[in-house]
Amino acid sequence: MKFTWFHLMPYRFLPDDFKQKYHSVWVDIPRDLYDPKIGHQLYNEYLDSLEFADQMGFDGLGCNEHHQNGYGMMPSPNIMAAAMARRTSRANLVVLGNSIALYNPPIRVAEEFAMLDVLSGGRLVAGFPVGTSMDTNFCYGQTPALLREKYQEAHDLIIKAWTEKDIFSFNGKFTQLRYVNLWPRPLQQPHPPVWIPGGGSIETWEFCAKHDYQYSFLSFIGHVHGKRITDGYWETMSRLNKEPNPYSLGFVQTMAVAPTDEEAERIFAPHMDYFYNRCLHIYSGFADAPGYRTLDTIKYGLLAQYGRPTMSGLTWKEFVDGGYIIAGSPKTVRERLTEALKTLRCGHLMALLQFGSMPAEATRMSTELFAREVMPHMRGLWSEYQDRWSPHPLPAADRAKPAPVGGASAGRTSAPSEALASREVSK
Amino acid sequence: MKTQQSVGGGRFSVEVFTYGSGEPLLFLHGAGGVFEPDPALEELGRDFKVIAPHLPGYGESTGGDQIDDVIDAALFYHQLMDELHLDSAYIVGHSMGGMLAAEVAALDVHRARKLVLVSSAGFWMEEHPIPDFFAADPKDLPALIFHDPNSPAAKAMTQIPEDRELMAQMYVERVKRMTMAGKFLWPIPDRGLKKRAYRISAPTLLLWGASDRLVPPVYMSVFKGHIRNCTEVQIPEAGHAVIQEQPQKFCAAVKRFLKE
């Protein structure tokens with residue numbers, strides 16, 4: 001069983017009357033609600049949390065891409081991954097991901113992911129989401145009817161750019177390039193593992209099956225409601241005769257651990273309320289531009305996840321009972337999470353251990369308790385399966401080590417690398 | 001009368017509504033599609049042979065995946081006219097259909113004998129942005145589209161069937177149509193008509209509902225600035241859905257112009 005510590009990087013200080021007074025947390029959120037000085041503190045606080053998660057033994061550090069969004073301050077997750085690459089050394093960098101239809105030419109994504117893979121010593125997971133309707137259609141102006149076709153083409157180009165040995169020309173409908181020649185190329189061969197974050201489109205499951213990609217269901221509906229989606233995923237895998245390998249499924253779950261159940265409620269309930277009632281206050285007209293979902297998915301009967309009335313106005317008890325959050329003492333969380341992971345057949349958990357307005361100290365406590373008293377008890381889950389979707393980094397001995405900064409060591413250069421010493425121009 | 005017409009060697013199968021007889025009048029519908037029965041088209045059918053095809057992707061018309069942009073759409077209409085043996089016709093287009101009608105007339109100036117652009121899309125004025133109807137709350141749509149959101153015409157257009165099955169069908173059809181419409185209108189309904197409209201030589205009527213809140217009448221001035229031979233008419237007590245809201249006045253204005 002593998003665990004990724006996943007950060008959305010929410011703005012923690014939306015006003016109390018946000019829901020009453022403002023139209024939406026996403027797309028048209030007023031820009032003056034964002035204070036860059038607070039943003040400065042938050043980015044650094046959040047990177048501290050991610051670095052702490054690395055120290056605590058999480059397998060992955062997760063980030064994702066959102067635009068014009070009050071609960072996701074990462075228009076470019078690659079920038080955060082780059083920051084993490086230097087100050088972490090163990091955990092994989094799970095970038096879920098880059099909405100590849102948005103980048104013109106999409107070769108930019110192939111390049112940046114290659115950079116991250118090389119910089120981190122082969123620790124990158126490359127996520128290729130289609131992206132939400134809010135991000136792609138409303139914020140980035142993509143024509144809904146053409147988005148998925150553009151996504152497919154971008155995917156084909158990126159994979160080819162990573163794997164083709166020679167310079168090639170690419171004559172696409174959306175992108176034409178005379179000289180595709182990736183420099184640098186990824187460290188992991190043939191390319192970093194690809195994970196496809198999705199929101200429940202049925203075509204995505206078939207796409208994952210076809211390419212043997214990992215599917216990550218990213219949502220805030222939790223393990224009870226999310227089972228409908230993972231069931232659909234497993235049915236598709238079964239229909240296509242794919243191995244029911246739990247590591248091929250990632251799942252986001254909001255969680256919170258405190259010494260006791262009572263303390264968990266006292267400490268985390270206000271932040272859960274902030275998350276669902278301010279962060280997820282999304283105008284429903286932005287949730288699903290006509291053409292964003294295919295008619296097949298619409299007919300499949302999946303409702304738009306965002307803007308659902310059941311997501312707001314819930315009490316702590318309802319959040320817990322409805323599986324939106326798994327919270328409580330380490331024992332409670334262990335029991336509920338084990339059951340959830342088994343029910344979902346999930347081998348890659350995206351642990352959302354910071355949510356809403358949760359400050360650094362609470363996040364740290366919850367993360368530490370989870371790492372020390374929950375995670376170790378689950379490591380054996382799915383041991384009969386092989387995880388074919390995790391990165392293969394360089395052995396520790398072959399990795400570059402950032403030079404220490406500050407204090408007595410200020411100004412010191414990196415220790416000479418054996419890998420480079422024999423190749424220097426002037427020895 | 002409704003027929004199904006194969007176009008482009010089977011690339012498209014087109015649902016065509018026809019009304020009456022006389023000189024041909026090609027009607028290009030707006031983003032919503034053709035709404036049957038249409039009293040205005042029936043009335044025009046007394047004087048003309050009204051031909052109202054559903055754009056591919058609308059209703060029973062197939063081949064929507066072959067049309068990505070306004071040029072593809074305009075050439076589709078050229079092909080349809082060829083296969084209906086219409087060298088030219090009076091062309092009337094409403095809203096998105098007006099935008100496409102203008103493209104049809106600009107690409108081949110001999111196609112339109114006369115052109116009627118009704119509450120037409122196609123341009124963007126920075127100082128008069130067209131509201132984002134794709135994101136509009138359904139309950140706000142009548143006020144955006146109609147002069148009187150409480151009129152029977154408005155009520156009829158926004159009625160939702162009680163039967164779940166019918167409602168689901170209607171929803172899927174609406175998504176299908178708006179998906180197509182997005183190819184021309186998303187996110188800004190301007191696809192470069194401003195580069196091509198100078199070619200339009202047909203006498204052109206700009207016909208607007210005086211209280212159009214979606215594409216306000218101020219847009220008539222942009223069309224006038226690009227198209228050399230324009231007549232302007234505004235119909236009072238009519239919004240963007242001027243054809244449904246004031247069918248008699250609409251038909252009278254169209255007939256007067258086409259018979260001049």
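A, B, ... follow the sequence lines: proteins, then strands. Residue 1 opens every chain.
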Peer 1: Of the backbone (N, CA, C, O) and the side chain (C-beta and beyond), which part of Asp132(B) lies under 4.5 Å from a heavy atom of chain A, both, or neither?
Peer 2: side chain
Peer 1: What I'd like to find out is whether the side chain of Val175(B) reaches to under 4.5 Å of the side chain of Arg293(A), using heavy atoms alone.
Peer 2: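 Side chain of Val175(B) against side chain of Arg293(A), heavy atoms only: no contact under 4.5 Å found.
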Peer 1: Does any backbone or side-chain atom of Ala168(B) lie under 4.5 Å from a heavy atom of chain A? Answer side chain, backbone, both or neither.
Peer 2: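 It is neither, since no heavy atom gets under 4.5 Å.
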Peer 1: For chain B, which candidate among Ala145(A), Ala289(A), Pro144(A) shows the most heavy-atom pairs at distances under 4.5 Å?
Peer 2: Pro144(A)
Peer 1: Could you check whether any side-chain N or O of Tyr283(A) sits under 3.5 Å from a backbone N or O of Asp137(B), counting only pairs where one atom can act as donor and the other as acceptor?
Peer 2: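 Pair found, side chain donor or acceptor close to backbone of Asp137(B).
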Peer 1: Inspect the surroundings of CZ in Arg11(B) and state if more than 12 heavy atoms from other residues, nucleotides or ligands are less than 6.0 Å away.
Peer 2: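 Open: at most 12 neighbouring heavy atoms sit under 6.0 Å from CZ of Arg11(B).
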Peer 1: Under the criterion side chain to side chain contact (heavy atoms under 4.5 Å, CB included), I'd like the reasoning laid out for Ile298(A) against Tyr171(B): C-alpha separation, chi angles, the key distance, then a yes or no.
Peer 2: CA-CA 9 Å; Ile298(A) 291 170; Tyr171(B) 177 71; 3.8 Å; yes
Peer 1: Within a reach of under 6.0 Å around CZ of Arg213(B), are more than 12 heavy atoms found that belong to other residues, nucleotides or ligands?
Peer 2: yes
Peer 1: Looking only at non-hydrogen atoms, find the nearest pair between Lys176(B) and Leu295(A) and report the distance.
Peer 2: CG-CD1, 3.6 Å
Peer 1: Indicate the atoms forming the closest heavy-atom contact of Gly141(A) with Pro187(B), along with that distance.
Peer 2: O-CD, 3.5 Å
Peer 1: Please check if atom CD in Glu126(B) has more than 12 non-hydrogen atoms from other residues, nucleotides or ligands closer than 6.0 Å.
Peer 2: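 Count not over threshold, so no.
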Peer 1: Does Ile71(B) have more than 12 heavy atoms from other residues, nucleotides or ligands lying within 6.0 Å of its CD1?
Peer 2: yes
Peer 1: Under a 4.5 Å cut-off applied to non-hydrogen side-chain atoms, are Trp186(B) and Phe138(A) in contact?
Peer 2: yes
Peer 1: Decide if atom CD of Gln20(A) counts as having more than 12 heavy atoms of other residues, nucleotides or ligands within a radius under 6.0 Å.
Peer 2: yes
Peer 1: Return the minimal non-hydrogen interatomic distance between Thr143(A) and Lys183(B), and the atom names on each side.
Peer 2: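 Heavy atoms of Thr143(A) and Lys183(B) come nearest at CG2-CA, 3.9 Å.
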